[in-house]
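I have a structure here, written as structure tokens, and I will follow up with some questions on it.
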There are 2 protein chains.
Amino acid sequence: MLSVAEENYIKCIFKKSERSLAAVSTNAIAEAMQTKAASVTDMLKRLSEKELLHYKKYKGVRLTAAGNEVAKQLVRKHRLWEVFLVEKLDFSWDEVHDIAEELEHISSDELTEKLDKFLGYPKYDPHGDPIPDQEGNIKYRSKVTLKELEVGETGHVVGVRDSSATFLQYLDEVRITLGSTLTLRNRFAFDGSVQIELADGRALVLSEQVAKNLYITVNS
Amino acid sequence: MLSVAEENYIKCIFKKSERSLAAVSTNAIAEAMQTKAASVTDMLKRLSEKELLHYKKYKGVRLTAAGNEVAKQLVRKHRLWEVFLVEKLDFSWDEVHDIAEELEHISSDELTEKLDKFLGYPKYDPHGDPIPDQEGNIKYRSKVTLKELEVGETGHVVGVRDSSATFLQYLDEVRITLGSTLTLRNRFAFDGSVQIELADGRALVLSEQVAKNLYITVNS
DNA sequence: TTCCTAATTTAGTCCCACCTAAAAGAAGTG
DNA sequence: CACTTCTTTTAGGTGGGACTAAATTAGGAA
């Protein structure tokens, strides 16, 4: 049985490892967890003791297979709860993160499986991120940011890179949602902003900042 | 912000106060919380510091208005989650207590209210206990145990006194559920057992033990 | 190679929530 | 009243998870 703090460290390290494939540094964890490096070192020793990660002084850490398993189950629970909050309880997608952050620590496996069934075995959460299955397999979708799209290409929105409340509220404001279909019409070299056309015919100019944070998939 | 441990103590004291109206003793709390009296004294001082209860050495404790409020919100959340687990996720009533025990500590008030709405504002939980409303008002139902019913009287099952898994499983076994209508047909002085007749015509003999743990309401 | 700087770890505290052992109060009994 | 017994509190200690301040190490620059 892991404590909430331990689970949060595991999840944090998992997230950092997802792309970088290098060992995760103490400082990076400290920053992400809003705590001090000394506290992180403490925790790393404990988690290493429990064989959830490999720890060598000054060398950063990587999760063990067991640690990875724990992390993926947490991500699974987090994303399932987010679906529940948005689809069943009518929360908007920018409100659900913090609540799911608490709900993901509820331990019952049976609860997770029944929730999954109740929700109809969803594949993606409200932000477009894939939900790991019971065995922890994650189906990543090939996707590019809107910034990387070619002029003239059409795709649809499958996720956000920055899921801060302010960004999500901005998207609500301009009525871009998950699944929105859009075509890149123009790219302005001046400031990196892009002009898009939505399925309903609306034309919008989005800043480079926005274009970098919107994930698009071209086929599917 | 209260810790999970603090909340559990508050709820425990609340439950003890519900019937007895006397101050709750340190030992009673220790027993209910599966801990030692010394630990309880520790916690009582902290909670008293936070003005959640009145504490005088050797005199037992009572919750303050603020403490009562906290307790009732916890009970509200616990029972709403139990309804969710049984009605939506298809758990049976003997499985939900421990999970609800974790879920009740999720802090978001907005979550509680949206859950309440999603469930259709239920008044009673799966064990027949009343769910406090948003302001903390609890509508107690007048009820008697089956043991106290008069021969010939008809009523229906509105709750259980002992909600242990074994008792609830027993009830499932003999197909008595919340809302079952029954008539007391006979009382055996020898061992205190009772004979009842159910709405579907089945006649059953229940031990005194069972009769004492089934709550019945005659009208309504 | 040596030095410097940034990253990391160690050492020493703190608070929370528990523990054991021992002291002290409450309350009934002869 | 004095005694006994049970309950409760105090005193002192532990591990988890955080902190600050000081020491150590890694790794690049001179």
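To find a chain, count down the sequence lines: A is the first, B the second, and so on, and within it residues start at 1.
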Requested in this report: Give a yes/no on whether any side-chain N or O of N27(A) is located under 4.0 angstrom from OP1 or OP2 of dT8(C).
Outcome: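 For dT8(C), OP1/OP2 do have a side-chain N/O of N27(A) under 4.0 Å.
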
Query raised in the report: Heavy-atom distance under 4.5 Å between the side chains of L80(A) and T112(A), does that happen here?
Result: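 Side chain of L80(A) against side chain of T112(A), heavy atoms only: contact under 4.5 Å found.
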
Query - Note, L168(A) side chain near D172(A) side chain (heavy atom, < 4.5 Å) - result: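 No, their side chains stay 4.5 Å or more apart.
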
Report task. Taking side chain to side chain contact (heavy atoms under 4.5 Å, CB included) as the test, write out the residues that go with K123(A), two or more places apart. Result ->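 For K123(A), the residues satisfying side chain to side chain contact (heavy atoms under 4.5 Å, CB included) (neighbours in sequence not counted) are K139(A).
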
Query raised in the report: Of all of residues 39-47 of chain B, which get a heavy atom below 4.0 angstrom from DNA chain D, listed by number?
Result: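 Within this stretch, T41(B), K45(B) sit under 4.0 Å of the strand.
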
Requested in this report: For K50(B) and for A38(B), find the nucleotide of DNA chain C with the closest heavy atom, then tell me which residue's nucleotide is more 5'.
Outcome: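 Its nearest nucleotide being more 5', the pick is K50(B).
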
**Report entry** side-chain hydrogen bond (donor to acceptor under 3.5 Å, both in side chains) involving E148(A) - partner list, sequence neighbours excluded
**Finding:**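 With sequence neighbours excluded, E148(A) shows a side-chain hydrogen bond (donor to acceptor under 3.5 Å, both in side chains) to T145(A), given in chain and number order.
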
Report task. Indicate yes or no: at least one non-hydrogen side-chain atom of L149(A) is less than 4.5 angstrom from one of V194(A). Result ->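 Of all side-chain heavy-atom pairs linking V194(A) with L149(A), none is under 4.5 Å.
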
Query - Selection residues 83-104 of chain A - residue pairs positive for salt bridge (charged side-chain N to carboxylate O under 4.0 Å, His left out), sequence neighbours left out - result: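 Residue pairs with at least one partner in residues 83-104 of chain A: K11(A)-E101(A), K11(A)-E104(A).
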
Report task. Could you note down all residue pairs passing side-chain hydrogen bond (donor to acceptor under 3.5 Å, both in side chains) where residues 44-58 of chain A supplies at least one of them, sequence neighbours left out? Result ->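 Pairs touching residues 44-58 of chain A that pass the test: E6(A)-K50(A).
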
Report task. Could you check which residues of residues 98-107 of chain A get a heavy atom under 4.0 Å from DNA chain D? Sort them by number, please. Result ->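 The stretch gives none, as no residue of it lies under 4.0 Å from the strand.
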
Requested in this report: Go through DNA chain D in 5' to 3' direction and return only the first and the last nucleotide with some atom under 4.0 Å of chain B's heavy atoms.
Outcome: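 So the outermost contacting nucleotides come out as dT7(D) to dT10(D).
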
Report task. Would you mind reading off the distance between K57(B) atom NZ and dA24(C) atom P, rounded to a whole angstrom? Result ->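 It works out to 11 Å between those atoms.
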
Query - DNA chain D contacts made by residues 4-13 of chain B, counting heavy atoms under 4.0 Å - result: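 Close to the strand, none.
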
Please list, one pair per line, the donor and acceptor atoms closer than 3.5 Å that link side chains of residues 24-37 of chain A to other protein atoms, with sequence neighbours excluded.
| from | atom 1 | to | atom 2 | distance (Å) |
| --- | --- | --- | --- | --- |
| S25(A) | OG | A28(A) | N | 3.1 |

Requested in this report: Could you tell me whether the side chains of Y170(A) and Q209(A) share a donor-acceptor contact shorter than 3.5 Å?
Outcome: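 Short answer, no.
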
Query raised in the report: Separation of Y58(A) atom OH from dT5(C) atom P, in whole Å?
Result: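 Interatomic distance, OH of Y58(A) to P of dT5(C): 18 Å.
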
Query raised in the report: With F84(A), which residues qualify under ring pair (Phe, Tyr, Trp, His ring centres under 6.0 Å), at least two apart?
Result: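 Scan of F84(A) (ring pair (Phe, Tyr, Trp, His ring centres under 6.0 Å), adjacent residues dropped) gives W81(A), F84(B).
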
Query raised in the report: Rounding to a whole Å, what distance do you find between K56(B):NZ and dG25(C):P?
Result: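 Rounded to whole Å, this separation is 17 Å.
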
Query - ring-ring contact (aromatic ring centres under 6.0 Å, His included): pairs with one or both residues in residues 85-125 of chain B, sequence neighbours excluded - result: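 Only H78(B)-H97(B) qualify under ring-ring contact (aromatic ring centres under 6.0 Å, His included).
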
**Report entry** Phosphate contact (dC19(C) OP1 or OP2) by T35(B) side-chain N/O below 4.0 Å
**Finding:**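 For dC19(C), OP1/OP2 do have a side-chain N/O of T35(B) under 4.0 Å.
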
Requested in this report: Not counting sequence neighbours, which residues clear side-chain hydrogen bond (donor to acceptor under 3.5 Å, both in side chains) with R76(A)? List them please.
Outcome: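 side-chain hydrogen bond (donor to acceptor under 3.5 Å, both in side chains) list for R76(A), sorted by chain: E113(A), D116(A).
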
Query raised in the report: Do the side chains of V96(B) and L89(B) get nearer than 4.5 Å, heavy atoms only?
Result: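 Side-chain contact under 4.5 Å: no.
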
